[in-house]
Amino acid sequence: MKNLFKQKGYLMLKCLINQIALSLFGLMVSGFTITDGGTGWLLPIGIFSILFYYFILISFIREDGLKDGLKVEGGRMKKDVFLSVKYCAIASVPGLLFPLINLIVRLIAHFGSFTNDLIINISGICNAVTRILTYGMYNPVDSYLFNHQYGLLKSISFVSDWGISFLIYTLLTIAVAFFAYFTGVNQMFTKKENKE
């Protein structure tokens, strides 16, 4: 673990900074869309916001994979296709932790058949942190699908309110990071020089 932090700590920090920056971006664009009085733009704006996040994530993780691929070819490094999963999972801890706490607290309140102000406050704080600081880029699509007033799947709005959808978004983010690094370390989609 110490070695991973030493080698890839800057990438973990970069993942976290990009996640927060693009979370605020996603929150901004979804806020402007809803303020204009319509929710019809939530889906296209949300897809754009997610793809923009993935583009940035893929670009620097793939670049890291390409560099590591050259090290593997030169015998300076052992190939580990799951390396990006390791450092992105560490960087995704805040994005995973707050929805997980929210889910646990909601389950306690639901199955404990009581409503406590403390539980409601903890859930609200976790939900706000998740939507503002960690996964705002997913917010427009999440609202389009799961908002309890106008969402396409409003009958199961608890999926978003309880943080379940945001746990899934964490897994999607890690899957994209894996794909980006995998294609890089295996030198896929690169021009090969013709050797004559």
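Note that these values count all heavy atoms, side chains included, but never hydrogens, waters or copies made by symmetry. Since the structure is predicted, the reported quantities are computational estimates derived from the model, not experimental observations.
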Asker: Less than 4.5 Å apart, any side-chain heavy atom of Asn186 and any of Val81?
Answerer: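 In contact.
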Asker: Can you list the residues that meet the side chain to side chain contact (heavy atoms under 4.5 Å, CB included) rule with Met77, with sequence neighbours excluded?
Answerer: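 Checked Met77 against side chain to side chain contact (heavy atoms under 4.5 Å, CB included); matches are Asp68, Lys71, Val72, Leu83, Tyr181.
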Asker: Using the rule that two of Ile, Leu, Val, Met, Phe, Trp, Tyr join whenever any of their side-chain heavy atoms come within less than 4.5 Å, decide whether Val85 and Leu172 are in one cluster.
Answerer: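 In one cluster: yes.
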Asker: Please check if the side chain of Ser143 supplies one atom and the backbone of Pro140 the other of a donor-acceptor pair under 3.5 Å.
Answerer: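 The answer is no, because no donor-acceptor pair under 3.5 Å joins these two groups.
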Asker: Once salt bridge (Lys or Arg N to Asp or Glu O under 4.0 Å) is applied, what residue pairs with a partner in residues 170-182 remain, sequence neighbours excluded?
Answerer: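 Salt bridge (Lys or Arg N to Asp or Glu O under 4.0 Å) check on residues 170-182 returns no pairs.
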Asker: Would you find more than 12 non-hydrogen atoms of other residues, nucleotides or ligands less than 6.0 Å from Phe25 atom CZ?
Answerer: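 Enclosed: over 12 neighbouring heavy atoms sit under 6.0 Å from CZ of Phe25.
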Asker: When you look at Arg62 and Phe179, which way does the side chain to side chain contact (heavy atoms under 4.5 Å, CB included) test go after all the steps?
Answerer: CA-CA 8 Å; Arg62 179 170 160 75; Phe179 172 76; over 6 Å; no
Asker: Distance from Leu152 atom CG to Leu42 atom CG, nearest 0.5 Å?
Answerer: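 Between Leu152 CG and Leu42 CG, I get 11.5 Å after rounding to 0.5 Å.
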Asker: Could you note down all residue pairs passing side chain to side chain donor-acceptor pair (under 3.5 Å) where residues 46-58 supplies at least one of them, sequence neighbours left out?
Answerer: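 Matches after skipping sequence neighbours: Tyr54-Tyr138.
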Asker: Would you give me the side-chain donor-acceptor pairs under 3.5 Å for residues 91-99, sequence neighbours excluded?
Answerer:
residue, atom, partner, partner atom, Å
Ser92, OG, Cys88, O, 2.8

Asker: Hey, does the side chain of Ser157 reach the backbone of Asn147 with a donor-acceptor pair shorter than 3.5 angstrom?
Answerer: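 Judged by distance alone, no pair lies under 3.5 Å.
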Asker: With a 4.5 Å cut-off on side-chain heavy-atom distances among I, L, V, M, F, W and Y, is there a chain of contacts connecting Ile61 to Leu70?
Answerer: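 No, no single cluster joins them.
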Asker: Kindly work out whether a path of hydrophobic side-chain contacts (I/L/V/M/F/W/Y, heavy atoms less than 4.5 Å apart) joins Ile17 to Tyr169.
Answerer: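 Not linked; separate clusters.
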Asker: Would Met137 and Phe52 satisfy side chain to side chain contact (heavy atoms under 4.5 Å, CB included), going step by step from the backbone distance to the final call?
Answerer: CA-CA 9 Å; Met137 72 290 280; Phe52 186 52; over 6 Å; no
Asker: How would you list, by chain and number, every residue that makes a side chain to side chain contact (heavy atoms under 4.5 Å, CB included) with Ser160, sequence neighbours excluded?
Answerer: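 Only Arg131, Asp142, Phe146, Ser165, Phe166 meet the side chain to side chain contact (heavy atoms under 4.5 Å, CB included) criterion with Ser160.
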Asker: Quick one: CD1 on Ile132 to CG on Asn127, what's the gap to the nearest 0.5 Å?
Answerer: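 With rounding to 0.5 Å, CD1 (Ile132) is 9.5 Å from CG (Asn127).
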Asker: Within a strict 4.5 Å, meaning less than it, do heavy atoms of the Met188 and Phe182 side chains meet?
Answerer: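 Touching, per the 4.5 Å side-chain cut-off.
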Asker: Do Ile156 and Leu145 share a hydrophobic cluster (ILVMFWY, side-chain heavy atoms under 4.5 Å, transitive)?
Answerer: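 Linked, Ile156 and Leu145 end up in one cluster.
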Asker: Say you draw a straight line from CD of Gln7 to CG of Asp64; how long is it, rounded to the nearest 0.5 Å?
Answerer: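 Between Gln7 CD and Asp64 CG, I get 9.5 Å after rounding to 0.5 Å.
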Asker: What distance separates Leu167 CG from Leu171 CG, expressed to the nearest 0.5 Å?
Answerer: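 Interatomic distance, Leu167 CG to Leu171 CG, rounded to 0.5 Å: 7.5 Å.
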Asker: What pairs with Leu107 under side chain to side chain contact (heavy atoms under 4.5 Å, CB included), at least two apart in sequence or on another chain?
Answerer: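 Side chain to side chain contact (heavy atoms under 4.5 Å, CB included) check on Leu107 returns Leu103, Phe111, Trp162.
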Asker: Only counting residues at least two apart or in another chain, list the ones meeting ring pair (Phe, Tyr, Trp, His ring centres under 6.0 Å) with Phe55.
Answerer: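 By the ring pair (Phe, Tyr, Trp, His ring centres under 6.0 Å) rule, Phe55 matches no residue at all.
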Asker: What is the distance from atom OG1 of Thr134 to atom CG of Leu16, rounded to the nearest 0.5 Å?
Answerer: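 The OG1 atom of Thr134 sits 9.5 Å away from the CG atom of Leu16.
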Asker: Sort and list the pairs that fulfil salt bridge (Lys or Arg N to Asp or Glu O under 4.0 Å) and have at least one residue in residues 86-112, not counting sequence neighbours.
Answerer: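 For residues 86-112, and leaving out neighbouring residues, the salt bridge (Lys or Arg N to Asp or Glu O under 4.0 Å) pairs sorted by first residue read Asp80-Lys86.
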Asker: Flag yes if Leu13 and Leu22 sit in one hydrophobic cluster, no otherwise; membership is Ile, Leu, Val, Met, Phe, Trp, Tyr, and two members link when side-chain heavy atoms are under 4.5 Å apart.
Answerer: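 As far as the 4.5 Å side-chain criterion goes, Leu22 and Leu13 are not connected within one cluster.
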Asker: Should the heavy atoms of other residues, nucleotides or ligands under 6.0 Å from OH of Tyr144 be counted, would the total exceed 12?
Answerer: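 No - once you tally the heavy atoms of other residues, nucleotides and ligands closer than 6.0 Å, there are 12 at most.
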Asker: Output every pair passing ring pair (Phe, Tyr, Trp, His ring centres under 6.0 Å) with a member in residues 67-94, not counting sequence neighbours, ordered by first then second residue.
Answerer: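 For residues 67-94, and leaving out neighbouring residues, the ring pair (Phe, Tyr, Trp, His ring centres under 6.0 Å) pairs sorted by first residue read Phe82-Phe178.
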Asker: Given the rule in the side chain to side chain contact (heavy atoms under 4.5 Å, CB included) test, do Ile122 and Ile101 qualify, once you have shown the distances and angles that lead to the verdict?
Answerer: CA-CA 8 Å; Ile122 290 171; Ile101 292 170; 4.1 Å; yes
Asker: In chain order, what residues pass the salt bridge (charged side-chain N to carboxylate O under 4.0 Å, His left out) check against Lys67, with sequence neighbours excluded?
Answerer: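 For Lys67 the salt bridge (charged side-chain N to carboxylate O under 4.0 Å, His left out) partners, ignoring immediate neighbours, are Glu63.
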Asker: Any side-chain to backbone donor/acceptor pair from Gln187 onto Leu66? Under 3.5 Å, distance only.
Answerer: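 Confirmed, Gln187 side chain pairs with Leu66 backbone.
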Asker: Determine, stepwise, if the pair Leu57 / Cys15 fulfils side chain to side chain contact (heavy atoms under 4.5 Å, CB included).
Answerer: CA-CA 7 Å; Leu57 190 68; Cys15 282; 4.3 Å; yes
Asker: Which residues pass the side chain to side chain contact (heavy atoms under 4.5 Å, CB included) test with Leu51, not counting sequence neighbours?
Answerer: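 For Leu51, the residues satisfying side chain to side chain contact (heavy atoms under 4.5 Å, CB included) (neighbours in sequence not counted) are Ile47.
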Asker: Among all residues two or more places apart in sequence or in another chain, which pass the salt bridge (charged side-chain N to carboxylate O under 4.0 Å, His left out) test with Asp161?
Answerer: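 Asp161 satisfies salt bridge (charged side-chain N to carboxylate O under 4.0 Å, His left out) with no other residue.
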Asker: Enter the distance from Lys14:NZ to Asn18:CG here, rounded to the nearest 0.5 Å.
Answerer: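 The NZ atom of Lys14 sits 7.0 Å away from the CG atom of Asn18.
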